[in-house]
Amino acid sequence: MDGGTLPGTDTEGVDEPDRVVFHVDMDCFYASCERLRDPELRGEPLVVGMGYEPGDTVGAVATASYEAREFGVESAMPISEALERLPRRGTADATAGEEVGETGYYRPVDLDFYKEVAGDVKDVLHDCADVVREVSIDEAYLDVTDRTAWDAAGTGSGPEATTEAVDGLPPSTAAGPAAARTLAEGYARHVKERIEREAGVPASVGVAPNMSAAKVASDADKPDGLVVVPPGTVASFLAPLPTAALHGVGPVTERALADLGIETAGDVAAADPETLAAELGDRGRELSRRARGEDDREVTPRGLPKSLSRESSLPATADEAEKRETVAALAADVARRARERGCLYRTIGIKAVEPPFDVNTRARSLPGPVDDPDLVESVALDLLDEFDDDRVRKLGVRVSKLDFAESDQATLAGFEAGEDGDRGGTRREHPASRNDVGAQITDWIGGEPRTDDDEPAPDPAEQDDEGQASLGDWS
DNA sequence: TCTGGGGTCCTAGGACCC
DNA sequence: TCTGGGGTCCTAGGACCC
């Protein structure tokens, strides 16, 4: 990362040639990491999740290996159900008489280790592309327009014109004989192989002239896939896919579309955009464009986070002490993380989920940004009062309206966190005592908070990858 | 399927201001 | 006094993603 950040000199509006965008998606990443550490797990059904350790009562599958998926185990499935479909190997659950073949391995989530592996992957990605947008721990977009091209590769040799990359794709899509073997495909293969070699885990890669098509392409042939969608073929590539294959179409939107008689991406592309807009708002229009292969979004590094939160499930309870204790612990953790990242927050909120799955959120904004763990706790508890008599199955605490103070303050924050993570907030804090939240806030209003009405802080989403803006660390 | 945890973005209504 | 329009901020909820 060179420091060449030139706000205001972006090239929007310039008519650019076709871009080459990769979407790199690690295959059941957590499971792959576990296998990297313990090769014995290779080829075996493997479930990574939380909640099945002794003493746990709630939990879900984070990742199931493809072998485990054959038993019907899926991501986000309650761990109890996963265990029913695929008993744990070597436990009482899988007692005598059970075929070993009908059991699988279970591993708890070890995020720290996965982050290490993800770091190796990221090193490769940043080495291979000028612009990388890390979407999550196991997923990223690369703009490699300046590193490769859509030109046909090599010697135009005839017989090799079809590529593995397009196997399994509908005939009307991707590289037909004429478009086969682009330089972009070769480069994607190179990236994929480097990831495998240097990080030790498999990835699927989608190659397309825009982000949304690349995203769909990486999904189209998992695991270990490489799907290339050259310019001009995006709409025909997408057309036969179900609407749910489009990024941004979940169960609700899928149903809404189905009610309109729209089942495939091709149907979306053919539908009147205004009809979609009437049903789905702006998203409908956007969906229409994407389905037709239009997506102008540039690949940009991810900006700073907009909120930090922690939540935790518990056996449904109305016990006030238990609820308060939980919220206090969550508040402390959120505040700690905020301080570690050197960020101030101006809004504090809670989430209370009542059975069966009734999500309530409450939030309160402060007059100015703070770094004050005690205040997070007291506001969160105050907001929790409303649910005193309610049974809850999940509680959460969130801070938002984040303020990553520029330069000096950010440095100070980092320094503080490093030196003494336990100290009370020391800057830009209200002077009031901490006994009563209402009093605090009122006092503060009277006092003199930093009136940051309009700090024209650059939109985080548009920040260049300068300094700490390049997330590396969170996710 | 009775549903984990950490996020993002969007929308709608109300308060408030000019 | 039954009533305009525009803008911003706040809260709550919802859809979606990995």
Side-chain angles (χ1 to χ4, degrees), chain A residues 23-30 47-52 56-64 72-85 108-109 111 114 118 133-140 212 215 218-219 243-257 277 280-287 297 302-314 316 330 333-334 337 346-367 383 386 393-402 452-454 459-461 471 474-475:
Chain A
H23 182 256
V24 176
D25 200 344
M26 310 304 298
D27 302 319
C28 46
F29 183 59
Y30 294 1
V47 178
V48 182
M50 45 226 144
Y52 50 84
D56 285 339
T57 53
V58 283
V61 174
T63 302
V73 178
E74 295 168 7
S75 247
M77 174 179 284
I79 210 77
S80 52
E81 191 182 339
L83 284 166
E84 268 172 37
R85 299 187 179 208
V109 173
L111 217 49
Y114 309 153
R133 182 185 189 88
E134 291 154 20
V135 177
S136 68
I137 192 171
D138 66 347
E139 200 187 316
S212 63
K215 165 77 181 166
S218 73
D219 259 341
T243 56
L246 296 172
H247 196 53
V249 176
V252 175
T253 306
E254 183 182 15
R255 281 238 25 184
L257 291 171
L280 304 170
D282 279 345
R283 284 181 51 241
R285 246 175 240 111
E286 191 57 35
L287 212 53
R297 290 174 302 158
R302 205 171 59 165
L304 297 162
K306 305 229 176 351
S307 67
L308 297 173
S309 67
R310 276 226 56 186
E311 58 187 64
S312 152
S313 291
L314 57 167
L330 295 170
D333 202 75
V334 168
R337 282 164 56 209
R346 206 161 77 72
T347 299
I348 297 164
I350 65 160
K351 170 152 102 175
V353 181
E354 300 176 64
F357 202 75
D358 213 354
V359 179
N360 302 277
T361 60
R362 296 293 181 270
R364 185 178 300 163
S365 287
L366 311 170
L383 294 170
E386 182 185 338
R393 57 190 303 280
K394 179 189 280 197
L395 290 165
V397 174
R398 165 195 314 262
V399 293
S400 53
K401 299 237 166 55
L402 303 186
D452 66 328
D453 297 310
D454 49 359
D459 182 340
L471 56 129
W474 42 78
S475 88

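Below, chain A is the first sequence line, B the second, and so on; all start at residue 1.
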Does Phe357(A) lie flat on the base of dT3(B), that is, centres under 5.5 Å apart and planes under 30° off? yes
Write down the distance between CD (Glu286(A)) and P (dC9(B)), rounded to a whole number of angstrom. 14 Å
Sugar-phosphate atoms are those with a prime plus P, OP1 and OP2; base atoms are the rest. Using that split, label each nucleotide of nucleotides 13-18 of chain C B, S or - for protein heavy atoms under 4.0 Å, 5' to 3'. S-SSSS
Hey, does Ala76(A) reach any base, or is it just sugar-phosphate, or nothing, if we go heavy atoms under 4.0 Å? base
Nearest-angstrom distance from the residue atom CD1 of Ile350(A) to C1' of dT11(C): 13 Å
Is any side-chain nitrogen or oxygen of Arg393(A) closer than 4.0 Å to OP1 or OP2 of dC2(B)? no
Modelled atom types, side-chain donor and acceptor of Arg283(A) and Thr253(A), under 3.5 Å: yes
Within the structure, does a side-chain N or O atom of Lys306(A) lie under 4.0 Å from either OP1 or OP2 of dG7(B)? no
What is the nucleic acid contact for Arg255(A), judged by heavy atoms within less than 4.0 Å: base, sugar-phosphate only, or nothing? nothing
5'-most by nearest nucleotide on DNA chain B - Ser309(A) or Pro356(A): Pro356(A)
Could you check whether any side-chain N or O of Asp138(A) sits under 3.5 Å from a backbone N or O of Ser136(A), counting only pairs where one atom can act as donor and the other as acceptor? no
Side chain to side chain, Ile79(A) and Met50(A), heavy atoms closer than 4.5 Å: no
Please state how far atom CZ in Arg297(A) lies from atom P in dC9(B), giving the value in whole angstrom units. 12 Å
DNA chain B nearest-nucleotide lookup for Pro78(A) and Leu280(A): closer to the 5′ end is Pro78(A)
Would you kindly give the CZ-to-C1' distance between Arg398(A) and dG5(B), to the nearest whole Å? 11 Å
For nucleotides dC16(C) and dG4(B), find the distance between their C1' atoms and express it as a whole number of Å. 16 Å
Pairwise distance CZ(Arg337(A)) to CZ(Arg310(A)) - rounded to 0.5 angstrom: 7.0 Å
So, the side chain of Arg302(A) versus the backbone of Val135(A): is there a donor-acceptor pair under 3.5 Å, distance only? yes
Interatomic distance, Tyr30(A) OH vs dG4(B) C1' [rounded to whole Å]: 11 Å
How close do Ser312(A) and Leu330(A) get, counting heavy atoms only, and between which atoms? CB-CD2, 4.0 Å
Nearest-nucleotide pick for Glu81(A), side chain only, options being dT11(B), dT11(C), dT1(B): dT1(B)
Watson-Crick or G-U stems involving DNA chain B, each at least 3 pairs long, distances under 3.5 Å, ordered by first number: B:5-18 with C:5-18
Would you classify Leu308(A) as touching base, sugar-phosphate or nothing, given that sugar-phosphate means primed atoms plus P, OP1 and OP2, and contacts are heavy atoms under 4.0 Å? sugar-phosphate
With no hydrogens and no angle check, is any side-chain donor or acceptor of Thr347(A) less than 3.5 Å from a backbone partner on Val399(A)? no
So, do Asp25(A) and Lys215(A) sit near enough that their side-chain heavy atoms are less than 4.5 Å apart? yes
Those residues at least two apart in sequence (or on a different chain) that pass ring pair (Phe, Tyr, Trp, His ring centres under 6.0 Å) with Tyr114(A) are Tyr30(A)
Separation of atom CZ in Arg285(A) from atom P in dT11(B), rounded to whole Å: 10 Å
Lys394(A) atom NZ is separated from dC2(B) atom P, nearest whole Å, by 16 Å
Does Ser312(A) put a side-chain nitrogen or oxygen below 4.0 Å from OP1 or OP2 of dG4(B)? no
NZ of Lys351(A) versus C1' of dT3(B): gap in Å, rounded? 12 Å
Show the nearest heavy-atom pair for residues Ser309(A) and Arg398(A), with the distance to one decimal. CB-CB, 3.7 Å
